[in-house]
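All values below come from the heavy atoms of this structure, side chains included, with hydrogens, waters and symmetry mates left out. In each ligand, atom 1 is the first atom listed, and ligand 1 is the first ligand listed.
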Amino acid sequence: MKIFSGTRPSGELHIGNYLGAISNWMELQDKNDCIFSVVDYHAITTPYEKEKFHQRNLEMVAWLIACGIDPEKTRLFRQSQVPEHTELAWILSTVLPVSELFRMTQYKEKSTDQSKENISAGLLNYPILMAADILIYDADTIPVGEDQVQHVELARIIARKFNHRYGKIFTEPKTILTKTKRVMSLKDPTKKMSKTGADGIALGDSSVIITQKIMSAVTDTGEAGKISPAVKNLFGLVEAFGEPEKMAEFIQAIENKTIQYVELKRYLAEKIIEKLIPIQKKYQEIMAKPDKIEQTLTNNAQALRKEAQEKIEKVKKEMGF
Ligand code: AMP
Ligand code: TRP
């Protein structure tokens, strides 16, 4: 399989990113051709701090490597260093009706966060650039969290429309999801955990902060007598971070009222901390050598540019340029 995925350098990676996407990237990297990107051009579609932007990019790469993404096995790169992605995005934008973009859930959500005059055309066009990221390498399998499924489907639609008009040029990609495909906010279980919210657990959070956040996570929302969405979310985290038999035990104990949520939370905090401490340690080691990160990104981008340029040439030829 040819794999492509990306993450925005718009804040700190959190356990939602880890469980929804990165854990799958790690599993896939051994047996597949994997291309992973820090998608900096996507990150500028919403307000960001330019003074911290370069650093944020490096940090994102360092976190990915610390989690276990191996820069020797995968092609890890910075999106803006392969400008052919934006060239292809322009071309793809001409085959897609704009109405398709307005129906995207992420656009609807993010555009309500901002006043109307500040919503950029870039935010609307975001999924076209994402389609270009994927289609330029003919990636067939896209490991993302559930929130990005709609965008991958749009990439399929774009590929199909383009192929219909100009001949079979692009591969139609499909999504693969992890078991924990959507981690919700610890404060509001109707919202997904996000990079910009304070409602999630960042990979860099200290043990004290992790414990505080888990202990204050909401539990009692939803209908009485039923497991609430907030508790379901905590169970999902126990399943992901805890020992395999633990979730069934907790469900049973809570239903029988032999233990309270506080015990489940204590266990969960401990397991998350156990998982994150070695990752944090590795992150510090990687960040001590920023030049090495920079070199890896540049080398990979140079190699990928060759592939991307060949594809663009083919596309333009078919289109009559
Ligand atoms: P982003 O933070 O939007 O750059 O997302 C990077 C990757 O993490 C994408 O594949 C997302 O689908 C995934 N992701 C982001 N937030 C969550 C979440 N709360 N639960 C599961 N996966 C997520
Ligand atoms: N839009 C994705 C997100 O916010 C990131 C992304 C950009 C991506 N290009 C991609 C993911 C291509 C998969 C494939 O999570």
Side-chain angles (χ1 to χ4, degrees), residues 2-26 28 34-46 48 56-57 59-61 63-64 67 69 76-80 82 85-86 88-89 92 104-107 109-110 122-123 125-156 158-159 171 173-197 199-203 229 232-233 236-237 240 304:
K2 189 150 185 192
I3 315 287
F4 186 99
S5 199
T7 182
R8 290 170 303 133
S10 338
E12 279 190 76
L13 280 175
H14 51 75
I15 56 172
N17 298 125
Y18 184 83
L19 298 177
I22 297 161
S23 59
N24 233 356
W25 299 10
M26 284 185 296
L28 291 161
C34 291
I35 310 175
F36 297 130
S37 185
V38 172
V39 290
D40 47 354
Y41 274 151
H42 277 114
I44 60 171
T45 56
T46 44
Y48 71 101
R56 281 256 180 252
N57 275 271
E59 287 168 4
M60 191 58 63
V61 177
W63 277 118
L64 293 176
C67 283
I69 300 303
L76 189 57
F77 79 111
R78 194 194 266 128
Q79 183 190 34
S80 65
V82 185
H85 289 223
T86 43
L88 182 61
L92 297 178
M104 292 293 110
T105 306
Q106 180 177 292
Y107 173 74
E109 281 174 5
K110 291 206 169 158
L123 187 63
N125 290 331
Y126 181 112
I128 303 182
L129 179 58
M130 182 163 159
D133 295 337
I134 297 169
L135 301 184
I136 204 159
Y137 302 111
D138 284 314
D140 48 39
T141 307
I142 316 300
V144 284
E146 198 176 37
D147 61 303
Q148 294 299 315
V149 169
Q150 197 184 31
H151 288 163
V152 179
E153 270 164 19
L154 194 62
R156 285 176 73 85
I158 293 174
T171 304
K174 62 174 191 308
T175 305
I176 43 169
L177 297 171
T178 58
K179 195 160 187 206
T180 322
K181 51 191 184 283
R182 189 186 290 259
V183 177
M184 308 311 280
S185 151
L186 297 174
K187 295 266 176 245
D188 176 358
T190 62
K191 294 202 174 112
K192 66 168 183 171
M193 190 177 278
S194 76
K195 285 207 184 99
T196 40
D199 54 359
I201 294 184
L203 300 188
K232 219 184 238 169
N233 193 39
L237 294 177
L304 285 167

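When only interatomic distances are considered, the shortest N/O to N/O separation between A21 and ligand 1 does not fall below 3.5 Å. The distance criterion of under 3.5 Å between nitrogen or oxygen atoms is met by D133 with respect to ligand 2. Between P143 and ligand 1, not a single N/O pair is under 3.5 Å apart. Polar contact check, N17 against ligand 1: a nitrogen or oxygen pair lies under 3.5 Å apart. Among the atoms of R182, none of the N or O lies under 3.5 angstrom from an N or O of ligand 1. No N or O atom of Q106 sits closer than 3.5 Å to an N or O atom of ligand 2.
Nearest protein neighbour of atom 11 (C) of ligand 2, counting heavy atoms only, is G6 N, 3.4 Å. When only non-hydrogen protein atoms are considered, atom 2 (C) of ligand 2 lies nearest to Q148 OE1, 3.4 Å. The protein non-hydrogen atom at the shortest distance from atom 11 (C) of ligand 1 is D147 OD1, 3.5 Å. From the protein, the heavy atom lying nearest to atom 10 (C) of ligand 2 is M130 CG, 3.4 Å.
Screening T105, T45, L123 for a side-chain contact (heavy atoms from CB on, under 4.5 Å) with K110, the sole residue that qualifies is L123.
Within the structure, ligand 1 lacks H42 among the residues with a heavy atom less than 4.0 angstrom away. Residue contacts with ligand 1 leave out M184, since none of its heavy atoms falls under 4.0 Å from the ligand.
Atoms of ligand 1 found under 4.0 Å from any heavy atom of G20, numbered from 1 in the order shown, are 21 (C), 22 (N). Of all atoms in ligand 1, listed by their number and element, those nearer than 4.0 Å to a heavy atom of M193 are 16 (N), 18 (C), 19 (N). Of all atoms in ligand 2, listed by their number and element, those nearer than 4.0 Å to a heavy atom of S5 are 11 (C), 13 (C), 14 (C). Of all atoms in ligand 2, numbered sequentially from 1 with element shown, those under 4.0 Å from a heavy atom of R8 are 4 (O).
If you look at T7 next to ligand 1, the close heavy atoms, those under 4.0 Å, come from the backbone and the side chain alike. The proximity of I142 to ligand 2, defined as any non-hydrogen pair under 4.0 Å, is limited to the side chain. Looking at K195 against ligand 1, only its side chain comes within 4.0 Å, counting heavy atoms.
In this structure, a donor-acceptor pair under 3.5 Å is present between the side chains of S80 and D40. Under 3.5 Å, the side chains of H85 and Y137 contain a donor-acceptor pair of N or O atoms.
Annotation: side chain of E12 is not in contact with side chain of E59 (no heavy-atom distance under 4.5 Å).
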